[in-house]
Amino acid sequence: MTFDYLCKTMKYYVIAGEASGDLHASNLIKALAEQDKTAEFRGWGGDLMSEAGCTIVRHYKETAIMGFITVLTHLNTIQRNIKECCNDLQAWNPDVVVLVDYGGFNMRIAKFCKGVGIKTFYYISPKIWAWNTKRVEKIKKYVDAMFAIFPFEVDFYKERGYNNVFYAGNPLTDAIANRPEPELTFEQFIARHNLPNKPMVALVAGSRKQELKNMLPKMLEMVPLFPEYQFIIAGAPSMTPEDYKPYFKDFELPIIFGQTYQIVSLSRGALVTSGTATLETALLHTPQVVCYSGEGGALYYALFKIFVKVKYISLVNLIMDRLTVVELLMHKLNKKNLYRESCKILNDGEFRTNQLKEYKELTEKMGDPNASSRFAALMLKELRK
């Protein structure tokens with residue numbers, strides 16, 4: 001390591017493909033900028049990354065594609081996006097590319113970077129431990145260092161011969177600790193939004209249009225069954241009010257953007273699409289039912305069970321290694337089942353009490369805040385070797 005290298009302006013190209021990646025990437029960018037004062041940032045992501053000082057080439061709203069069938073029908077678009085990203089990478093010539101989750105896209109970028117000699121760091125591992133574990137061979141081949149946010153991922157990689165993997169906690173602890181208005185009361189919230197004085201149920205239907213299509217109609221079936229509650233939709237940053245309106249038939253619900261943590265933390269319970277939001281909901285100590293539905297119903301579920309290598313799909317259950325939150329998947333996400341499980345989390349009783357108790361243990365497992373700063377320090381150390 002030379003003095004010139006230490007003084008060199010480092011260029012970071014960061015790629016995140018959805019709202020949660022944008023959040024964690026933005027906190028990492030802030031931490032890197034604090035520790036590397038002359039750093040420059042460019043990449044694919046969202047508004048939070050932009051606010052943190054990253055020049056955004058493409059917004060994730062334009063690129064987020066999920067679901068096996070949906071991906072198949074958008075292959076040409078995906079290929080164009082990959083080509084555009086590779087061309088921009090080569091033109092800007094960064095010192096390192098930081099890939100944030102978003103495995104299908106980012107692994108192709110990692111392969112390209114290896115071919116042209118650009119160093120690659122992976123921050124927030126793609127969930128290759130859940131299905132198609134053979135992809136670890138591509139990680140070993142194309143990724144220079146993995147920065148994992150779950151301790152079990154370190155063991156997973158090392159057991160398969162990949163040792164350049166680092167763990168420094170989970171960045172969600174930063175997001176929760178630094179959330180806006182943590183002292184906001186229920187009374188203040190309903191007054192601000194002109195809402196009735198009834199306990200709330202949060203609907204967190206996902207950050208992609210396909211998720212909205214598959215999950216929101218089923219969640220909305222619960223509204224007339226619980227007249228003593230008011231249901232509030234936590235608007236995803238990638239959505240607009242118009243994205244939600246096609247799903248309203250006999251009634252409309254409040255859609256509140258930019259206040260998901262406030263909505264969830266002040267709600268009696270939440271119906272949550274599987275993903276990062278399930279872990280956020282648990283860390284905010286709100287009882288929840290995890291929902292996931294995709295193309296194919298029972299057939300899709302059968303294939304899912306064949307190919308998925310883990311017992312659970314929600315991060316809460318994976319971290320706890322037991323069934324802490326109920327998962328209603330594919331055809332099991334129906335009106336009867338969702339009503340039954342909603343009653344359990346909303347009514348006082350043993351089920352609700354136990355889930356909240358498990359949340360306390362989960363919070364302890366997640367570790368202290370400032371994970372983003374610790375990861376930034378590890379990346380700088382690795383980059384300057």
Side-chain angles (χ1 to χ4, degrees), residues 12-29 31-32 43-45 49 60 64 66 96-114 119-175 207 274-280 307-321 365-367 371-372 374-379 381-383:
Y12 301 82
Y13 200 104
V14 185
I15 303 175
E18 54 193 352
S20 61
D22 181 42
L23 169 65
H24 299 317
S26 70
N27 286 329
L28 177 68
I29 288 168
L32 285 167
W44 291 39
M49 287 171 59
Y60 68 79
M66 67 164 286
V96 64
V97 175
V98 181
L99 308 168
V100 185
D101 199 357
Y102 200 40
F105 185 90
N106 275 338
M107 282 309 300
R108 291 182 174 94
I109 301 302
K111 181 179 180 179
F112 169 81
C113 289
K114 179 61 69 174
K119 187 181 289 289
T120 56
F121 290 168
Y122 218 121
Y123 179 53
I124 306 179
S125 170
K127 297 174 180 62
I128 63 173
W129 35 264
W131 54 80
N132 197 3
T133 57
K134 292 181 180 179
R135 287 182 295 171
V136 73
E137 297 303 319
K138 292 183 177 180
I139 296 283
K140 291 162 67 174
K141 188 174 181 180
Y142 302 129
V143 176
D144 293 295
M146 173 65 69
F147 298 85
I149 63 170
F150 301 111
F152 65 81
E153 292 176 324
V154 177
D155 295 334
F156 169 84
Y157 281 112
K158 289 188 174 180
E159 287 169 2
R160 289 159 179 80
Y162 184 72
N163 295 312
N164 210 29
V165 53
F166 304 91
Y167 173 73
N170 192 295
L172 267 184
T173 59
D174 299 356
S207 60
S274 180
T276 305
T278 63
L279 185 52
E280 292 172 307
F307 291 108
V308 171
K309 306 299 182 183
V310 290
K311 291 186 290 184
Y312 310 110
I313 67 162
S314 76
L315 292 172
V316 176
N317 292 338
L318 285 167
I319 295 168
M320 296 297 288
D321 196 27
K365 284 178 176 283
M366 293 290 287
S372 300
R374 295 192 293 271
F375 276 117
L378 286 171
M379 288 185 184
K381 182 179 179 181
E382 189 72 10
L383 193 55

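Since the model is a prediction, treat every value here as computed from it, not as a measurement.
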Which residue is it: N170, T173, D174? I am looking for the one with a side chain to side chain donor-acceptor pair (under 3.5 Å) to S372.
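The side chain to side chain donor-acceptor pair (under 3.5 Å) with S372 is passed solely by D174 among N170, T173, D174.
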
Which atom pair, heavy atoms only, marks the closest approach of [X] to [Y]?
X: S274; Y: I313; answer: OG-CD1, 3.4 Å
X: G45; Y: D22; answer: C-OD1, 4.2 Å
X: G275; Y: T278; answer: O-OG1, 2.8 Å
X: K119; Y: F121; answer: CD-CE2, 3.7 Å
X: E382; Y: N164; answer: OE2-ND2, 3.1 Å
X: Y60; Y: A16; answer: CB-O, 4.1 Å

For the residue pair [X] and [Y], is the inter-centroid distance of their aromatic rings smaller than 6.0 Å?
X: Y102; Y: W44; answer: no
X: W129; Y: Y157; answer: no
X: F147; Y: Y122; answer: no

Enter the distance from [X]:[atom1] to [Y]:[atom2] here, rounded to the nearest 0.5 Å.
X: Y142; Y: K114; atom1: OH; atom2: NZ; value: 10.0 Å
X: M320; Y: K365; atom1: CE; atom2: NZ; value: 6.0 Å
X: T133; Y: E159; atom1: OG1; atom2: CD; value: 11.5 Å
X: K111; Y: C113; atom1: NZ; atom2: SG; value: 12.5 Å
X: I124; Y: D101; atom1: CD1; atom2: CG; value: 6.0 Å
X: L318; Y: Y312; atom1: CG; atom2: OH; value: 9.0 Å

Any heavy-atom pair between the side chains of [Y] and [X] that's under 4.5 Å?
X: I319; Y: M366; value: yes
X: L383; Y: M379; value: no
X: I149; Y: P171; value: yes
X: I139; Y: M107; value: yes
X: V165; Y: V154; value: yes
X: D321; Y: K311; value: yes
X: E153; Y: Y167; value: no
X: M49; Y: V14; value: yes

Kindly write out the residues that satisfy salt bridge (charged side-chain N to carboxylate O under 4.0 Å, His left out) with K138, not counting sequence neighbours, or none if the list is empty.
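Here no residue qualifies.
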
Yes or no on side-chain contact (heavy atoms from CB on, under 4.5 Å) for L279 and L172, after CA distance, side-chain angles and deciding distance?
CA-CA 8 Å; L279 185 52; L172 267 184; 3.5 Å; yes

Residues, nucleotides or ligands: over 12 heavy atoms within 6.0 Å of K140 NZ:
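Atom NZ in K140 is packed in, count exceeds 12.
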
Check the pair F150, L315 against side-chain contact (heavy atoms from CB on, under 4.5 Å), reporting the backbone distance first and the verdict last.
CA-CA 10 Å; F150 301 111; L315 292 172; 3.6 Å; yes

One pair to check against side-chain contact (heavy atoms from CB on, under 4.5 Å): F105 and I15. What are the steps and the verdict?
CA-CA 9 Å; F105 185 90; I15 303 175; 4.1 Å; yes

Output, in order, the C-alpha distance, side-chain angles, deciding distance and verdict of side-chain contact (heavy atoms from CB on, under 4.5 Å) for T120 and V96.
CA-CA 6 Å; T120 56; V96 64; 6.0 Å; no

